[in-house]
Engineer: 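Got a structure here, written out as structure tokens. Questions coming.
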Amino acid sequence: MTRTIHIALDINGQRHELDIEPRVTLLDALREHLSLTGTKKGCDQGQCGACTCHVDGQRVLSCLTLAAQAEGREITTIEGLTGEAGDLHPVQAAFIEHDAFQCGYCTPGQIMSAVACIREGHAGSDAEIREYMSGNLCRCGAYNSIVAAVRQAAEVA
Ligand code: FES
């Protein structure tokens with residue numbers, strides 16, 4: 001018999017209660033149980049950054065985080081970045097302005113990393129941005145535009 005646990009997750013300012021197996025990752029809880037599909041599954045083993053979201057303001061790889069570990073903590077996904085009126089976060093706006101995506105699959109993870117990069121003060125130079133963002137892979141190779149977008153967003157932050 002499969003054992004389930006009852007947990008409550010605070011995501012983007014809303015509480016969600018769910019019954020899940022203890023082994024369910026935060027990524028699968030978001031996508032499969034709560035239909036928050038903005039957070040993407042790429043490698044599912046901590047290598048691509050597509051699943052990046054924030055827990056208590058720190059970026060995490062949600063494919064390597066159990067949902068149960070995130071209980072009682074403040075989770076932010078790409079869906080939670082926009083303002084109440086639906087206005088884009090400055091990083092989102094900068095990504096659009098600089099065409100910082102092609103297929104778009106890695107974009108939510110890139111943006112969540114970029115927000116943390118700026119907030120933590122790692123956007124002082126292109127080299128610093130590249131280093132901090134190096135865990136977020138883009139198979140289309142939009143890296144130059146991504147760096148330009150992060151640099152611009154850092155200037156207005
Ligand atoms: Fe989590 Fe690739 S899906 S790092």
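Since we're looking at a predicted model, the values are computed, not measured. Counting starts at 1 for both ligands and their atoms, following the listed order.
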Engineer: What protein N, O or S atoms come within a distance below 2.8 Å of atom 2 (Fe) of ligand 1, ordered by chain and number?
Structural biologist: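 Hits for atom 2 (Fe) of ligand 1 below 2.8 Å: Cys43 SG, Cys48 SG.
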
Engineer: Kindly work out whether a path of hydrophobic side-chain contacts (I/L/V/M/F/W/Y, heavy atoms less than 4.5 Å apart) joins Ile75 to Leu27.
Structural biologist: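 No, Ile75 does not connect to Leu27 through the hydrophobic network.
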
Engineer: Is a salt bridge present between Asp126 and Arg151, judged by a nitrogen-to-oxygen distance below 4.0 Å?
Structural biologist: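 Yes.
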
Engineer: At their closest point, which heavy atom of Cys53 faces which heavy atom of Thr76, and how far apart are they?
Structural biologist: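 Nearest pair, atom of Cys53 first, then Thr76: CB-O, 3.3 Å.
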
Engineer: Please identify each residue that fulfils ring pair (Phe, Tyr, Trp, His ring centres under 6.0 Å) with Tyr132, with sequence neighbours left out.
Structural biologist: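 His122.
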
Engineer: With distance as the sole test, does Glu97 use its side chain to make a donor-acceptor pair with the main-chain N or O of Ala93 at under 3.5 Å?
Structural biologist: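 The answer is no, because no donor-acceptor pair under 3.5 Å joins these two groups.
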
Engineer: Just by distance, do the side chain of Arg31 and the backbone of Thr39 share a donor-acceptor pair under 3.5 Å?
Structural biologist: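 Yes, because the side chain of Arg31 sits within donor-acceptor range (under 3.5 Å) of the backbone of Thr39.
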
